[in-house]
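Below: the structure, in structure tokens.
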Amino acid sequence: MEEVFTMTKNSYNTAELVAIMSARLLEDGKIIFGGAGMPLISCVLAQKMHAPRLTILFEGGVIGPHIEPGKLPPSTNEQRAARRGNMHLSITDVLLLQQRGYVDYGFLGGAQIDQYGNLNSSFIGDADNPKVRLPGTGGANDIASLASKILVAMHHEKRRFVEKVDFITTPGYLQGGDSREKAGLTAGGIYRVITHLGLFDFHPTTRRMRLEALHPGAQVEEVQENTGFEMLIPDEIGHTDPPTEEELRILRELDPDQRYTRAKDE
Amino acid sequence: MDYRKARQEIVEKNKGIRDKRTTLEEAVSMINDKDHVAVGGLQYTRTPMGVLWEIIRQKKQDITFYKPLMSFEGDWLFVSGAMGKAVTSWFSGGVTWGVSKIMRTFAERDPSTFEEWSLLGLSLRFKAGAMGIPCIPTKTMLGSDLEKIRGLKRFTCPYSGEEMLLIPAVNPDVAIIHSQIADKYGNAQIFGPPCLDIETAKAASKVILTTEQIVDNEHIRDAPNSTNIPFFCVDAVVELPFGCYPHECYGRYEPAYEKLGEYGQGLLKAEDKIGFVQEYLDKYFYQPADFPEYLDLFGVRSLVEATRRGRIWPL
């Protein structure tokens, strides 16, 4: 275990780890809404590894963008993201593909997540008198409401993994149990949370966040220490395989300057 | 705007085909203080910057601006006083320049100045406005705190029993849109993602169209499938090359990333954020005699480089 931990520290950083572990979750032949930065890198990595028929959509209205290694668009709303796509749609129409059921995955980040997978990107403090006004949801609320399976990639920190978010910008399982379905959200839900410590899913009935697998070198105690609520720890915990040389090589070709895969903790 | 009034304005609109070419100054004089104005494009793509520039120069006040994603132009509109309220899904500097400190200053002092909708929620407001209906049902935004703070109403579908959210339509006073080409009547052809421009053009009472290039009507008729906005929606046509600068226009020029970065970094470093923006406004907005003189401030090298990076043949 000690040896693996050393290799972890030396051969890849936490952002690369999250990108690779996320990419592995994406099945071939599916459709995904990808945001700028790390989500996009994960999608393209999956395409180059095991999912060549994974189709990427951008909220800017692009179906099947043409992404060149080393030339990742800084946002998904500009021509670097749109050139040579298969189709350009209005924002309304590309987002409504999700309501129809065409979109298998959504891929989100967030400032804060709670034990039911709700995300906050609007207000720290009270919405009427906020301590901090955050930039807002963009298309995240729509993706989490309408796509079939949501992936959330985050750095695992206590201040980000909170018992209750100050504001539910983007719905996970709301108050847990069947509250999401009762609210009228009959599709979707958070599929996996991917952090630099492990993979997390949600208990099938309580909908509380649960440790599914630890990444190489990570310990259960480390997960608990960095989580601001009681994480469900099952008796049997999986372990992910370390990133391969091929995954790291492709990732670094895509983002040679580490613009989107720079370590968060170094 | 009231549903029936919004329809009546279109009924009474002069829909005859006619030459609508005018100056930027004249076109912007159609906008009044406190109007509701929908801004075309998205984040920093195909922003009708020339019109925003002229709005600020004409010292318009307290306008409610709608934009799907708001970028640095929101800072300029807030600090100049032109914007009383931003209605948007996201308001920030950009991916590498962090959260807009100007947005934070305004929205933390008075949260009502930044009205947040989900991107599809806002899009559907314009869709309903364009369809001539007062609201539209959807499955998005349900259960979130955005549903609560916007005070949205629900209904149960009488056919399927599905619980739905009703998104209210919006019919802005004016939509401002920039296209690659248009004829003098206002038939506009947009290339690249159309963003929400087609919906907003139909939802608004009036449309100000700026365009990189005015072409002959024969050219429009050669490719009618490429016409996104029909002439009868449009009230003013202004030929304005580099009309999105320093933002981008698909197939014509990329953003002036280095100039946006200068602003973004400058704002991050400045101790007096509002003062920094005021100086920027003075230099880029109030001082130049006309739009080409504004472009002069970016310089030929910047324009040539942005064109070289962004030009797609044969656009």
Side-chain angles (χ1 to χ4, degrees), chain A residues 36-37 58-62 74-75 77-83 85 88-96 98-99 118 120-123 127-142 144-146 165-171 174 179-180 182-187 259-260, chain B residues 42-45 68-69 88-96 99-100 103-104 106-108 111 114 116-124 126-127 138-149 154 162-165 191-199 248-251 254-255 257 310 312:
Chain A
F58 289 150
E59 65 185 18
V62 185
S75 80
N77 311 313
E78 58 192 280
Q79 55 183 320
R80 284 192 184 182
R83 279 194 288 251
H88 293 158
L89 286 172
S90 75
I91 300 166
T92 322
D93 288 344
V94 79
L95 288 170
L96 284 175
Q98 306 179 102
Q99 194 164 270
N118 302 305
N120 177 17
S121 48
S122 300
F123 303 96
D128 296 326
N129 185 21
K131 220 181 299 169
V132 181
R133 185 54 162 106
L134 299 167
T137 181
N141 174 290
D142 309 309
S145 299
L146 303 172
V165 288
D166 291 343
F167 187 89
I168 301 178
T169 310
T170 299
L174 298 176
S179 59
R180 182 181 166 99
K182 278 196 170 148
L185 293 170
T186 37
R259 244 176 246 189
Y260 310 104
Chain B
L42 178 68
Q43 196 170 354
Y44 46 76
T45 200
L69 303 173
T88 185
S89 74
W90 181 90
F91 191 153
S92 191
V95 177
T96 51
V99 181
S100 164
M103 174 281 281
R104 284 193 54 189
F106 280 76
E108 287 168 18
F114 172 7
E116 181 178 342
W117 292 76
S118 79
L119 185 56
L120 180 57
L122 184 59
S123 304
L124 289 171
F126 288 110
K127 184 77 178 173
T138 181
K139 294 291 270 184
T140 200
M141 283 177 86
L142 284 161
S144 67
D145 286 338
L146 286 173
E147 178 192 0
K148 285 184 200 131
I149 64 166
R154 290 181 168 218
E162 278 292 328
E163 183 88 342
M164 309 281 277
L165 201 67
F191 299 94
C195 306
L196 292 182
D197 292 14
I198 300 165
E199 288 95 325
E248 70 168 19
C249 182
Y250 183 91
E254 277 201 346
Y257 289 113
I312 300 173

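None of the values given here were measured: they were computed from a predicted structure.
A:H88 contributes atom NE2, which lies 10.0 Å from atom SG of B:C195 (distance to the nearest 0.5 angstrom). Taking CZ from B:F114 and CG from A:L134, the interatomic distance works out to 9.5 Å, rounded to the nearest 0.5 Å. Between the CG atom of A:L95 and the CG atom of B:L119 there is a distance of 5.0 Å, given to the nearest 0.5 Å. Going from atom OH of B:Y257 over to atom CZ of A:R80 covers 4.0 Å, rounded to the nearest 0.5 Å.
Using a 4.5 Å cut-off between heavy atoms, A:F58 does not touch chain B at all. Contacts between A:N118 and chain B at a heavy-atom distance below 4.5 Å are absent for every atom of the residue. If you measure heavy-atom distances from B:P111 to chain A, the contacts under 4.5 Å come from the side chain alone. Neither the backbone nor the side chain of A:V94 comes within less than 4.5 Å of any heavy atom in chain B. Using a 4.5 Å cut-off between heavy atoms, B:I198 makes no contact with chain A at all. Looking at B:L165, there are no atoms closer than 4.5 Å to chain A (heavy atoms on both sides), in backbone or side chain. Contact of A:R180 with chain B is not made at all, since no heavy-atom distance falls under 4.5 Å. Proximity to chain B is limited to the side chain of A:Q99, based on heavy atoms less than 4.5 angstrom apart. Only the backbone of A:L89 comes within less than 4.5 Å of a heavy atom in chain B; its side chain stays farther off. For a residue to count as touching a neighbouring chain, one of its non-hydrogen atoms must lie under 4.5 Å from one of that chain's; by this rule B:L146 touches chain A with backbone and side chain alike. Residue A:S122 touches chain B through both its backbone and its side chain, counting heavy-atom pairs closer than 4.5 Å. Of the atoms belonging to B:S100, not a single heavy atom falls under 4.5 Å from chain A.
No donor-acceptor pair under 3.5 Å is formed between the side chain of B:E254 and the backbone N or O of A:Q79. Side-chain atoms of A:D142 never come within 3.5 Å of backbone atoms of B:S118 as a donor-acceptor pair (strictly under, hydrogens ignored). Of the possible donor and acceptor atoms, none in the side chain of B:Q43 sits under 3.5 Å from a partner among the backbone N and O of A:S75.
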*asked:* Run the side chain to side chain contact (heavy atoms under 4.5 Å, CB included) test on A:L185 and B:K139 for me, step by step, so that the C-alpha distance in whole Å, both residues' side-chain angles and the decisive distance to 0.1 Å come before the verdict.
replied: CA-CA 7 Å; A:L185 293 170; B:K139 294 291 270 184; 5.7 Å; no
*asked:* Is there a side chain to side chain contact (heavy atoms under 4.5 Å, CB included) between A:F123 and B:D145? Walk through the geometry before answering.
replied: CA-CA 11 Å; A:F123 303 96; B:D145 286 338; over 6 Å; no
*Please lay out, stage by stage, how B:T45 and A:N77 fare under the test side-chain hydrogen bond (donor to acceptor under 3.5 Å, both in side chains).*
CA-CA 7 Å; B:T45 200; A:N77 311 313; over 6 Å; no
*List the steps, then state whether side chain to side chain contact (heavy atoms under 4.5 Å, CB included) holds for A:Q98 with B:L120.*
CA-CA 11 Å; A:Q98 306 179 102; B:L120 180 57; 5.6 Å; no
*Hey, mind stepping through A:T137 and B:E116 against side-chain hydrogen bond (donor to acceptor under 3.5 Å, both in side chains) and telling me if it holds?*
CA-CA 8 Å; A:T137 181; B:E116 181 178 342; 4.9 Å; no
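In terms of heavy-atom pairs under 4.5 Å with chain B, the best-connected choice from A:A140, A:G37, A:A183, A:G138 is A:G138. Among the candidates A:S179, A:G61, A:A82, A:P171, the residue making the largest number of heavy-atom pairs closer than 4.5 Å to chain B is A:A82. Most heavy-atom pairs under 4.5 Å with chain A, from the set B:E147, B:M103, B:K148: that is B:M103. Contact count against chain B (heavy-atom pairs under 4.5 Å) is highest for A:L146 among A:L146, A:T170, A:V165.
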